[in-house]
Amino acid sequence: MTQIVTLSFYRFSGVLARAWALGMMGAARLPLSRTTDIGFWKLCGSGTGEGFTPVPNTAVYAILATWPDAETARKRTQTGVFARYIRRATENWTVFLQTQTARGQWSGKTPFQPDTNLTNGPLAALTRATIKPRTLARFWGRVPNISKMIGQDPNVAFKIGIGEVPMLHQVTFSIWPSEKAMAAFARTGPHADAIRAVRDEGWFREELYVRFSVHSDRGTWNGTSPLKKLEAA
């Protein structure tokens, strides 16, 4: 069997729905832990603007999870606690991923299993870091330039900043048409400068870098599938 990673996004409108979603950051933990076939999972909030900011966006939340195969992933992300999110949300989108490479740990674990039989095609990049408190100012001082740069890149099909704990535990996720496009962004400008600073100044207490192949998706975001931008390209 081939492990499938899902990243499900939910958008909520209105005070009551947003309050419900915020409360589920705690209340969903037990039902998620009891979900049949689920492996590693995380509940995340998001940032405002392009998503890469320390200011929480109370309208958007995400659930990341691993599953033993694609059929199981599709079934389980429409039932149980996932179905509760879908019913409350005004919009939802799930992207199904297969791991190409993974380096580092998340909460002391190595949850993503690389698949050596993947073919060329669209890619997704996920970075997750626990930021050292003493480096917070320097880290968030770099983020606006990176956010602006990725927002202007015509190749990126989707991008968002999410996290488990505001400011301290951060995840960036983006989807690209090819390895070439992804590498061109990563190796130039503010992003490349930030990577050097991470190494030179030791910003992070824990790091994880994952590259995925995009398997498929379900639902919409901003009224359409973000993968359609890849098809157009």
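Note that the numbering runs from 1 along the sequence shown for the chain.
A distance of 8.5 Å separates OG1 in Thr101 from CZ in Arg103, rounded to the nearest 0.5 Å. Between Arg74 atom CZ and Asp69 atom CG the span is 11.5 Å, to the nearest 0.5 Å. Taking OG1 of Thr35 as the start and CD1 of Ile63 as the end, the distance is 8.5 Å to the nearest 0.5 Å. Note that the NZ atom of Lys229 and the OG1 atom of Thr224 stand 11.5 Å from one another [nearest 0.5 Å]. For the atom pair Arg76 CZ and Leu32 CG, the distance stands at 13.0 Å (nearest 0.5 Å).
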Audit row: Leu126, Leu64, side chain to side chain contact (heavy atoms under 4.5 Å, CB included) steps and yes/no: CA-CA 11 Å; Leu126 181 148; Leu64 178 142; 3.8 Å; yes
Test log, rule ring-ring contact (aromatic ring centres under 6.0 Å, His included), inputs Tyr85 and Tyr61: CA-CA 10 Å; Tyr85 272 83; Tyr61 292 83; 7.8 Å; no
Show, in sequence, the C-alpha distance, side-chain angles and deciding distance for Leu123 and Gln100, and conclude whether the side chain to side chain contact (heavy atoms under 4.5 Å, CB included) test is met. CA-CA 9 Å; Leu123 299 175; Gln100 283 196 349; 3.4 Å; yes
What's the verdict on side chain to side chain contact (heavy atoms under 4.5 Å, CB included) for Ile175 and Leu227, showing C-alpha distance, side-chain angles and the deciding distance? CA-CA 8 Å; Ile175 297 178; Leu227 301 190; 4.2 Å; yes
Kindly determine whether Thr99 and Arg211 satisfy side-chain hydrogen bond (donor to acceptor under 3.5 Å, both in side chains), including the steps that lead there. CA-CA 6 Å; Thr99 306; Arg211 184 171 68 188; over 6 Å; no
Begin with the C-alpha distance, continue with both residues' side-chain angles, and end with the deciding distance and a verdict on side chain to side chain contact (heavy atoms under 4.5 Å, CB included) for Leu97 and Phe173. CA-CA 12 Å; Leu97 309 161; Phe173 179 76; 3.9 Å; yes
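Counting heavy atoms of neighbouring residues, nucleotides and ligands inside a 6.0 Å radius, atom CD of Glu71 does not exceed 12 of them. Residue Leu16 qualifies as open at atom CG: its count of foreign heavy atoms under 6.0 Å is 12 or below.
Residues Arg218 and Asn92 bring no donor and acceptor atom of their side chains to less than 3.5 Å of each other. Ser107 and Lys42 share a side-chain donor-acceptor pair at under 3.5 Å. Judged purely by distance below 3.5 Å, without hydrogens or angles, the side chains of Asp217 and Ser225 pair a donor atom with an acceptor atom. No side-chain donor-acceptor contact under 3.5 Å links Trp93 and Ser8. Side-chain N/O atoms of Gln98 and Thr2 include no donor and acceptor closer than 3.5 Å. Side-chain contact annotation: Thr94 with Thr6, donor-acceptor N/O pair under 3.5 Å absent. Between the side chains of Trp176 and Ser174, a donor-acceptor pair is found at a separation under 3.5 Å. With 3.5 Å as the limit, one finds a donor-acceptor pair spanning the side chains of Arg18 and Thr58.
Residues Thr220 and Gly223 share a closest heavy-atom pair of CB-C, 3.9 Å. Contact record, Ile160 with Ser46: CD1-CB, 4.4 Å, taken as the closest heavy-atom pair. Contact detail for Pro114 and Ala102: the closest heavy-atom pair is CG-N, 4.4 Å. Between Pro31 and Ala27 the shortest heavy-atom distance is CD-O, 3.2 Å. When every heavy atom of Pro226 is checked against every heavy atom of Ala157, the shortest pair comes out as O-CB, 3.7 Å. Gly104 and Thr110 make their closest contact through O-CG2, 3.7 Å (heavy atoms, listed as atom of the first residue, atom of the second, distance).
Criterion: ILVMFWY side-chain heavy atoms under 4.5 Å apart, direct or through other members. Under it, Ile4 and Phe212 are not part of a common hydrophobic cluster. Residues Phe96 and Phe112 do not share a hydrophobic cluster, defined by chaining ILVMFWY side chains whose heavy atoms lie under 4.5 Å apart. Under the 4.5 Å side-chain heavy-atom criterion for grouping Ile, Leu, Val, Met, Phe, Trp and Tyr, Met25 is not connected to Phe40 through any hydrophobic cluster. In the hydrophobic cluster analysis, where Ile, Leu, Val, Met, Phe, Trp and Tyr join through side-chain heavy atoms closer than 4.5 angstrom, Val95 is grouped together with Val210. Note: the hydrophobic cluster containing Leu230 also contains Phe9 (ILVMFWY, side chain heavy atoms under 4.5 Å, direct or indirect links).
A donor-acceptor contact shorter than 3.5 Å links the side chain of Thr77 to the backbone of Ala73. Distance alone, capped at 3.5 Å, is enough to place a donor-acceptor pair between the Glu206 side chain and the Gly108 backbone. Side-chain atoms of Ser13 never come within 3.5 Å of backbone atoms of Thr90 as a donor-acceptor pair (strictly under, hydrogens ignored).
Using a 4.5 Å cut-off on side-chain heavy atoms (C-beta onward), Pro111 and Trp41 make no contact. With contacts defined as side-chain heavy-atom distances shorter than 4.5 Å, the pair Leu43/Arg29 qualifies. Two residues are said to be in side-chain contact when any heavy atoms from C-beta on lie closer than 4.5 Å; Ile38 and Trp67 meet this criterion. Here the side chains of Pro68 and Asp37 are in contact, with some heavy-atom distance below 4.5 Å. You'll find the side chain of Val214 stays beyond 4.5 Å of the side chain of Phe158, heavy atoms only. Side-chain contact check for Val81 versus Met24: some heavy-atom pair is nearer than 4.5 Å. The side-chain heavy atoms of Ile86 and Tyr10, taken from C-beta on, include a pair separated by under 4.5 Å.
Arg128 and Glu164 are joined by a salt bridge, as a carboxylate oxygen and a charged side-chain nitrogen come within less than 4.0 angstrom of each other.
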